[in-house]
Amino acid sequence: MYDITVIHGDGIGKEVMEAALHVLGALDIEFNYKKAHAGNECFKSKGTTLPDETIKEAKKADATLFGAVTTVPGQKSAIITLRKALDLYVNIRPVKSYSGVNSLFNDIDFVILRENTEGLYSGIEEETEEGATALRVITRRASERICKFAFEYAKITGRKKVTAVHKANVLKKTDGLFRDTFYRVARNYSNIDTDDLYVDATAMFFITNPYMFDVIVTTNLFGDILSDEGAGLVGGLGLIPSANIGENYGLFEPVHGSAPNIAGKGIANPSAMILSSVMMLNYLKEYDAAQMVENALTEVLNEGKIVTNDLGGNSSTMEMANEVIKKMEL
Ligand code: ATP
């Protein structure tokens with residue numbers, strides 16, 4: 001049995017979460033769910049976007065599922081605060097195409113590992129006389145652990161190559177350190193190919209030759225931008241899951257936000273949340289169950305019949321989740 005903290009959040013976060021829990025409920029695995037609060041509705045009722053209680057629950061659980069939250073300007077971001085509180089230092093973003101889904105390329109399958117705790121998102125900003133500055137922090141420790149994670153990840157998932165993405169020709173000290181650390185860590189993984197690329201070239205190769213990538217490891221801002229470019233390559237936000245992993249905790253969330261424009265209508269695509277649950281199952285080492293859910297969803301996407309509006313269908317969120325369950329070999 002697994003203890004799972006469930007944070008529905010706002011808008012479609014609540015709807016896609018219900019769909020994913022419905023799919024997980026069909027598995028022969030016992031989950032003990034503990035609901036916790038975060039986001040804008042939480043702010044309205046509790047005066048904070050992330051109560052301490054939620055952090056406590058996430059720390060107690062075997063894993064956390066996070067739907068999506070609306071972050072009103074000026075409010076503390078619940079997800080960024082949670083990532084920091086749990087020291088979730090790596091953000092895993094698969095970039096994978098499904099044949100039934102309109103996508104720029106077919107058969108794309110690579111993964112972006114983004115450092116989640118420092119870089120230009122360290123949050124150290126200062127107003128100056130001329131304007132403002134932001135500090136880009138790259139530490140040896142954080143670079144080493146993300147690079148090590150990347151090679152371990154490649155080893156476990158059977159991937160062949162890890163590419164470090166940086167801009168060391170301009171950011172000589174910070175990204176020089178990142179690149180050097182990458183190659184130092186790589187020495188312990190002689191069976192895995194390595195290379196490194198500048199981030200601007202990488203952005204271009206995503207469009208001209210995405211098949212050259214297998215595992216990408218990069219710093220925070222570059223990873224953020226490339227991940228969204230990756231989402232664009234393979235059919236949009238409704239499909240892209242993510243995992244946030246640290247030494248002790250794992251949190252799984254779709255890349256999309258709360259989409260207020262379609263919230264409450266029951267038409268949100270549940271795929272990203274279901275695939276985030278698949279990532280959670282892998283994290284819990286429930287590999288067979290993970291494969292079963294992913295295969296079932298892939299079949300639903302490939303058939304393209306019982307799918308939501310954004311995928312060209314007219315089924316509801318729950319109808320699509322039910323179709324996934326139907327395809328599972330239970
Ligand atoms: P937030 O402010 O919470 O980030 P947002 O609407 O600005 O919300 P997203 O929710 O990430 O940003 O998505 C942008 C648009 O993409 C949405 O308005 C919606 O039209 C579409 N979209 C995102 N996720 C889904 C989904 N799961 N199913 C269908 N459409 C989606």
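Since we're looking at a predicted model, the values are computed, not measured. Whatever order the structure lists ligands and atoms in, that order sets their numbers, starting from 1.
Ring planes of Phe110 and Phe213: tilted class, angle from 30 to 60°.
The contact set between ligand 1 and Ile12, taken as ligand atoms under 4.0 Å from a residue heavy atom, comprises 24 (N), 25 (C), 26 (C), 27 (N). Taking every non-hydrogen atom of Ala268 and a distance limit under 4.0 Å, the qualifying atoms of ligand 1 come out as 28 (N). Annotation for ligand 1: atoms under 4.0 Å from non-hydrogen atoms of Val69 are 3 (O). Which parts of ligand 1 touch Gly238 is read off a 4.0 Å heavy-atom cut-off, strictly below it: atoms 26 (C), 27 (N).
In this structure, Phe205 has its ring center at least 6.0 angstrom away from the ring center of Tyr211. Taking the six-membered ring for Trp and the full ring otherwise, the centers of Tyr2 and Tyr283 sit at least 6.0 Å from each other. For an aromatic pair to be called close, the ring centres must be under 6.0 Å apart, and His166 with Phe222 fails this.
The option from Ile262, Val16, Ile267, Val72 that lies nearest to atom 29 (C) of ligand 1, judged by heavy atoms, is Ile262. Proximity annotation for atom 9 (P) of ligand 1: of Ala272, Ala19, Gly257, Gly39, Gly257 comes nearest, heavy atoms only.
Distances shorter than 4.0 angstrom occur between a heavy atom of Pro260 and an atom of ligand 1.
Counting only heavy atoms of the protein, atom 1 (P) of ligand 1 lies nearest to Ser258 N, 3.8 Å. Of the protein's heavy atoms, Ala259 N, 3.4 Å lies nearest to atom 8 (O) of ligand 1. Ranking the protein heavy atoms by distance from atom 27 (N) of ligand 1 puts Asn269 O, 3.0 Å first. The nearest heavy-atom contact from the protein to atom 15 (C) of ligand 1 is Leu237 CD1, 4.6 Å.
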Using side-chain contact (heavy atoms from CB on, under 4.5 Å), reason through Val162 and Asp193 one step at a time and then give a plain yes or no. CA-CA 6 Å; Val162 182; Asp193 292 341; over 6 Å; no
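A cation-pi contact, defined as under 6.0 Å to the ring centre and within 45° of the axis, links Arg145 to Tyr89.
Other residues, nucleotides and ligands place no more than 12 heavy atoms under 6.0 Å from the CG atom of Asp52. For Lys14, the NZ atom counts as densely surrounded, since its 6.0 Å shell holds more than 12 non-hydrogen atoms of other residues, nucleotides or ligands.
Without hydrogens or angle criteria, Asp196 side chain to Ala164 main chain gives no donor-acceptor distance under 3.5 Å.
Remark: atom 23 (C) of ligand 1 lies closer than 4.0 Å to at least one protein heavy atom.
Checked against a 3.5 angstrom limit, the closest N/O atoms of Asn261 and ligand 1 fall inside it.
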